[in-house]
Every structure is written in C-alpha cells, then in structure tokens.
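Below you'll find the structure, written out as structure tokens, and then a few comments.
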Amino acid sequence: MRVFFEDTDLSGIVYHANYLRYMERARSDFLRVLGVDQRSAYEAGDGVYAVRDLAIRYNASARLDDELVVVSRVTKIRAASVLIHQRVMRGITILTDASVEAAFVSPSGRPTRQPAAWVQAFQPLIWKGN
C-alpha cells in the first residue's frame with residue numbers, strides 16, 4: 001500500500017493509529033485469500049472476528065508517499081481465536097511489529113468456536129519464526 005496525505009499528520013509522518021488500519025486491511029485480505037468468508041458467517045448468524053488483544057511496537061515512521069507492505073502470519077490457533085503476528089514494513093525496515101488476537105464472537109458478542117473449516121485453513125500456515 002502507499003501512504004497518502006490523509007494518512008499523515010502535519011509533519012508528513014503517518015499518524016500512529018493508521019498503522020492499525022493498515023494491519024486490519026491486511027488481515028481482512030489475508031482471511032479472504034484463505035477462503036474465510038466473514039460476511040457470510042455474519043449474515044448466517046454464526047459470528048465474526050473481533051480484535052480481542054493487540055500489542056504493537058513502533059520502530060520507525062512511514063512518510064507521505066512511502067510504499068508499505070504488511071506481513072501477516074498465523075502464530076497460534078485456539079478454539080475461539082487466532083493469533084496473528086503482523087509487521088508493517090518499508091523495504092527491509094520494520095516500521096511496526098504487532099501481535100493481534102482475533103476472537104470469533106457470536107452475534108451477541110460472546111466468544112464462540114470458530115468454524116472448523118477456518119481452523120483447517122490456518123493449520124498449514126502456523127509460523128514459528130521470529
């Protein structure tokens with residue numbers, strides 16, 4: 001993705017909360033590529049993923065017009081959640097490093113088991129690196 005003017009503050013540096021938007025978009029695309037159809041699950045009344053926990057470290061700043069890549073890796077699968085490690089990068093520079101727990105919640109907002117097919121889609125992707 002590219003950094004647009006609307007992503008930056010007065011000094012041309014990406015506003016810190018926008019990294020969360022970049023990661024959210026990357027997670028949504030990641031799920032879509034895996035065949036995880038959150039919209040259908042939501043419309044069927046099964047549930048949807050919601051961020052339960054997030055830890056982020058900011059290492060360097062992105063600036064207007066930078067090209068960024070968000071690397072997303074599954075690190076752990078639980079009955080009702082998935083942990084995803086994400087990095088926002090500019091070239092080889094790690095700008096942010098984050099750990100995100102996405103819980104599968106019912107329409108009432110209570111944690112519930114995520115669909116078995118989704119868990120199976122995540123299994124071969126579990127990352128054990130740094």
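Throughout, numbering of the chain's residues begins at 1 and tracks the sequence. Here the structure is a predicted model, which is why all the values come from computation and not from measurement.
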Are Y19 and I84 linked, directly or through other ILVMFWY residues, by side chains that come within less than 4.5 angstrom of each other?
-> no
At their closest point, which heavy atom of A80 faces which heavy atom of P111, and how far apart are they?
-> CB-CB, 4.5 Å
Euclidean distance, L10 CG relative to Y15 OH, rounded to 0.5 Å = 13.5 Å
Where is the tightest heavy-atom contact between I126 and T75, given as atom of each residue plus distance?
-> CG2-O, 3.8 Å
For Q114 and F104, indicate whether the former's side chain and the latter's backbone hold a donor-acceptor pair under 3.5 Å.
-> no
Is the side chain of T8 donor-acceptor paired with the backbone N or O of F5 at a distance under 3.5 Å, no angle test?
-> yes
Identify the heavy atoms of A98 and M23 that sit nearest to each other, and give their distance.
-> CB-SD, 3.6 Å
Same cluster (ILVMFWY, side-chain, under 4.5 Å), L34 and V74 = yes
Y49 backbone acceptor or donor facing Y42 side chain under 3.5 Å | no
Kindly work out whether a path of hydrophobic side-chain contacts (I/L/V/M/F/W/Y, heavy atoms less than 4.5 Å apart) joins V51 to L83.
-> no
Show the numbers, then the answer: is there a side chain to side chain contact (heavy atoms under 4.5 Å, CB included) between L125 and F30?
-> CA-CA 11 Å; L125 302 176; F30 180 70; 4.1 Å; yes
Ion pair R78/E101, N-O distance below 4.0 Å | yes
Let me know which of L64, N18, D66 forms a side-chain contact (heavy atoms from CB on, under 4.5 Å) with D7.
-> N18
Linked, directly or transitively: L68 and I13 (ILVMFWY side chains, under 4.5 Å) | no
More than 12 non-hydrogen atoms from neighbouring residues, nucleotides or ligands closer than 6.0 Å to CZ on R90, yes or no?
-> yes
Scanning both residues in full, the closest heavy-atom pair of Q123 with I77 reads N-CD1, 3.7 Å
Distance col, row R87:CZ vs N59:CG, nearest 0.5 angstrom, shows 9.0 Å
For S106 and T112, work out which heavy atoms get closest and say how close.
-> N-CG2, 3.8 Å
Would you mind checking if R2 and D65 are paired as a salt bridge, meaning a charged N to carboxylate O distance below 4.0 Å?
-> yes
Identified side-chain contact (heavy atoms from CB on, under 4.5 Å) partner of Y22 from the options T96, V14, L95 = V14
Under a 4.5 Å side-chain heavy-atom rule over Ile, Leu, Val, Met, Phe, Trp and Tyr, are M89 and V100 clustered together?
-> no
Is it true that D97 and R57 have a side-chain N and a carboxylate O under 4.0 angstrom from each other?
-> no
What pairs of residues pass the side-chain hydrogen bond (donor to acceptor under 3.5 Å, both in side chains) test when at least one of them lies in residues 24-33, not counting sequence neighbours?
-> E24-R27, R27-Q86, D29-R32
Check L54 against L20 and note the closest heavy-atom contact, atom names and distance.
-> CD2-CD2, 3.3 Å
Among residues two or more places apart or on two chains, list those pairs meeting salt bridge (charged side-chain N to carboxylate O under 4.0 Å, His left out) that have a residue in residues 110-119.
-> none
Q38, R39, E43 screened by side-chain contact (heavy atoms from CB on, under 4.5 Å) with V48, the one that passes = Q38
Look at the aromatic rings of H16 and Y58 and report parallel, tilted or perpendicular, splitting at 30° and 60°.
-> perpendicular
